[in-house]
**Student:** 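Here it is, the structure in full.
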Amino acid sequence: MLPLALSAPDEHRGWVSRWSTVAGVRTHERLRANPVGGLPVVMLHGLAVSHRYLMPTADALADRHPVLVPDLPGFGFSGKPPVAYDVVRHAEFVSAWLDSHGLSGVAVVGHSFGAQVAAALAVRRPDAVTALVLASPTADPQARSRRALVARWFADLPGEDPRQAAILARDVWQARPWRVWATVGHSVRHRIEEDLLRVRVPTLVLGGDRDTVAPLRWRTRIAQLTDGVSVTVPRAAHNALTTAGGAAADAIAAHLAAVTSGSGATG
């Protein structure tokens with residue numbers, strides 16, 4: 001887990017860093033130097049983190065799809081705007097980033113706050129997004145305050161791999177606590193269900209069976225709102241894309257295989 005997650009900007013296992021300037025922000029992403037063909041997958045991280053914790057799933061998926069993992073503005077190695085972007089501004093940024101790289105017809109995988117961004121992007125850019133994966137999505141209406149969301153994160157900690165602490169510490173240090181706290185506020189004020197009702201692409205809702213941040217009841221509701229399917233990853237908590245990368249990648253790959261074959265979401 002740690003060597004791959006903490007390797008950027010150095011090359012590791014074929015993964016390299018690339019920078020571009022998009023909407024005035026110097027933007028970092030991880031990708032394979034020699035990617036396979038197929039439906040491109042863009043992975044969007046959550047609100048206190050960066051590309052790092054997504055790398056276990058990205059690496060397991062990259063033998064089947066080209067995978068790109070950008071750092072959103074303010075996080076990881078990307079530039080640090082003076083304000084914390086809200087969900088819509090992040091979605092607008094990712095839209096511009098896709099255009100800058102000539103990407104369209106991509107699958108977007110968003111985790112936690114990144115799922116909110118992914119859903120907002122899908123409804124604003126149906127020309128660019130072919131498939132959607134909402135992994136451990138926030139913010140459940142039953143925990144739509146900073147206090148309630150933070151309480152769920154603390155409840156989730158016993159189910160997480162403690163090795164993630166080294167990743168989280170570096171990510172929070174790079175983002176700065178003020179940006180993380182401001183982004184928590186953006187997350188809980190955003191009504192993701194308004195976007196979910198407008199999603200028109202095949203959608204997979206993914207989460208761990210121990211996830212207290214985005215529990216099964218909420219994930220099932222999201223699947224209903226998007227006419228998608230919900231898949232539960234066993235023995236995983238909120239950060240299933242970190243701790244169960246192989247299982248998460250298998251579920252995502254099965255979903256994308258169904259999309260490209262024309263049969264829609266997989267159950």
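All of these numbers come straight from a predicted model, not from anything done at the bench. Just so it is clear, the values below take in all heavy atoms, side chains as well, and ignore hydrogens, waters and symmetry mates.
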**Student:** Is the number of heavy atoms from other residues, nucleotides or ligands under 6.0 Å of D127 CG greater than 12?
**Tutor:** yes
**Student:** For residues 239-249, please give each side-chain donor-acceptor pair under 3.5 Å, one per line with the distance, not counting sequence neighbours.
**Tutor:**
from, atom 1, to, atom 2, distance (Å)
N239, ND2, Q164, OE1, 2.9
T242, OG1, Y53, O, 2.7
T243, OG1, N239, O, 3.3

**Student:** Looking only at atom types and distance, does a side-chain atom of T21 sit under 3.5 Å from a main-chain N or O of G24, one as donor and one as acceptor?
**Tutor:** no
**Student:** Quick one: OG1 on T130 to CG on L39, what's the gap to the nearest 0.5 Å?
**Tutor:** 6.0 Å
**Student:** Looking at D99, V106, V94, V108, which one forms a side chain to side chain contact (heavy atoms under 4.5 Å, CB included) with R125?
**Tutor:** D99
**Student:** Is there a chain of hydrophobic side chains (I, L, V, M, F, W, Y, each step under 4.5 Å between heavy atoms) that links W173 to V49?
**Tutor:** no
**Student:** Will you find, in the side chains of T138 and Q116, an N or O donor that is under 3.5 Å from an N or O acceptor?
**Tutor:** yes
**Student:** Quick one: closest heavy-atom pair of A251 and L204, and the distance?
**Tutor:** O-CD2, 3.7 Å
**Student:** Would you indicate whether the side-chain heavy atoms of L121 and S95 approach each other to under 4.5 Å?
**Tutor:** yes
**Student:** Please determine whether residues V184 and V88 belong to a single hydrophobic cluster, defined as Ile, Leu, Val, Met, Phe, Trp and Tyr linked transitively by side-chain heavy-atom distances below 4.5 Å.
**Tutor:** no
**Student:** Can you name the closest pair of heavy atoms from V201 and V129 and give their distance?
**Tutor:** CG1-O, 3.3 Å
**Student:** Cation-pi check, R179 to W181: give yes when NZ or CZ is under 6.0 Å from the six-membered ring centre and within 45° of the ring axis, no otherwise.
**Tutor:** no
**Student:** Check the pair R64 / D250 against side chain to side chain contact (heavy atoms under 4.5 Å, CB included), numbers first and verdict last.
**Tutor:** CA-CA 10 Å; R64 291 166 277 190; D250 287 345; 3.0 Å; yes
**Student:** Check the hydrophobic clustering (I, L, V, M, F, W, Y; side-chain heavy atoms under 4.5 Å; chains of links allowed) and say if L54 and V36 are grouped together.
**Tutor:** no
**Student:** Side chains of P202 and L132: does their closest heavy-atom pair fall under 4.5 Å?
**Tutor:** no
**Student:** Does R235 have more than 12 heavy atoms from other residues, nucleotides or ligands lying within 6.0 Å of its CZ?
**Tutor:** no
**Student:** What pairs of residues pass the salt bridge (charged side-chain N to carboxylate O under 4.0 Å, His left out) test when at least one of them lies in residues 45-62, not counting sequence neighbours?
**Tutor:** R13-D59, R32-D59, R52-D171
**Student:** Are any of the side-chain heavy atoms of S136 and L206 separated by less than 4.5 Å?
**Tutor:** no
**Student:** Salt bridge (charged side-chain N to carboxylate O under 4.0 Å, His left out): which pairs involve residues 112-121, sequence neighbours left out?
**Tutor:** none
**Student:** When you measure from the side chain of S261 to the backbone N and O of A257, does any donor-acceptor pair fall under 3.5 Å?
**Tutor:** yes
**Student:** Please step through salt bridge (charged side-chain N to carboxylate O under 4.0 Å, His left out) for the pair R189 and D86, ending with a clear verdict.
**Tutor:** CA-CA 9 Å; R189 286 190 293 270; D86 63 12; over 6 Å; no
**Student:** Between R200 and D227, is there a side-chain N and carboxylate O pair less than 4.0 Å apart?
**Tutor:** no
**Student:** Where the side chain of S78 meets the backbone of D71, is there a donor-acceptor pair that is under 3.5 Å apart?
**Tutor:** yes
**Student:** What are the two closest non-hydrogen atoms of H238 and S112, and how far apart are they?
**Tutor:** NE2-OG, 2.9 Å
**Student:** Does V42 reach the side chain of L98, with side-chain heavy atoms less than 4.5 Å apart?
**Tutor:** yes
**Student:** Between L134 and H111, is there a side-chain heavy-atom distance shorter than 4.5 Å?
**Tutor:** no
**Student:** Could you see if L2 belongs to whatever hydrophobic cluster contains L168? Use Ile, Leu, Val, Met, Phe, Trp, Tyr and a side-chain cutoff under 4.5 Å.
**Tutor:** yes
**Student:** Under the side chain to side chain contact (heavy atoms under 4.5 Å, CB included) rule, what do V188 and S145 come out as? Steps first, then yes or no, please.
**Tutor:** CA-CA 6 Å; V188 299; S145 70; 5.5 Å; no
**Student:** What heavy-atom pair brings R152 and V213 nearest, and what distance separates the two atoms?
**Tutor:** NH1-O, 3.2 Å
**Student:** Charged N to carboxylate O under 4.0 angstrom, R144 versus E193?
**Tutor:** yes
**Student:** Could you pull out all residues at least two apart from R170 that satisfy salt bridge (charged side-chain N to carboxylate O under 4.0 Å, His left out)?
**Tutor:** none
**Student:** Salt bridge between D156 and R210, side-chain N to carboxylate O under 4.0 Å?
**Tutor:** no
**Student:** If we only count heavy atoms from C-beta on, is the H90 to P73 side-chain gap below 4.5 Å?
**Tutor:** yes
**Student:** Might you confirm whether atom CH2 of W178 has over 12 heavy atoms from other residues, nucleotides or ligands at distances under 6.0 Å?
**Tutor:** yes
**Student:** Provide the full list of ring pair (Phe, Tyr, Trp, His ring centres under 6.0 Å) pairs with a residue in residues 61-83, sequence neighbours left out, each pair given once.
**Tutor:** H28-F77, H45-F75
**Student:** Would you be so kind as to tabulate the donor-acceptor pairs closer than 3.5 Å made by side chains of residues 3-11, with sequence neighbours excluded?
**Tutor:**
from, atom 1, to, atom 2, distance (Å)
S7, OG, L4, O, 2.8
S7, OG, R30, NH2, 2.9
E11, OE2, G14, N, 2.7

**Student:** Starting at CG of L72, measure out to NE2 of H51 and round the result to the nearest 0.5 Å.
**Tutor:** 12.0 Å
**Student:** How about R147: does its CZ atom have over 12 heavy atoms from other parts shown lying under 6.0 Å from it?
**Tutor:** no
**Student:** I want to check something: taking the side chain as every heavy atom from C-beta on, are V69 and L31 in contact at a cut-off of under 4.5 Å?
**Tutor:** no
**Student:** Are W218 and Q142 packed together at the side-chain level, in the sense that at least one heavy-atom pair is separated by less than 4.5 angstrom?
**Tutor:** no
**Student:** Are a donor atom and an acceptor atom from the side chains of E29 and W19 found within less than 3.5 Å of each other?
**Tutor:** no
**Student:** Shared ILVMFWY cluster between V25 and L103, side chains joined below 4.5 angstrom?
**Tutor:** yes
**Student:** Okay, side chain of R219, backbone of A214: is any donor-acceptor separation there less than 3.5 Å?
**Tutor:** yes
**Student:** Atom OG in S230, atom CD1 in I222: separation rounded to 0.5 Å?
**Tutor:** 8.5 Å
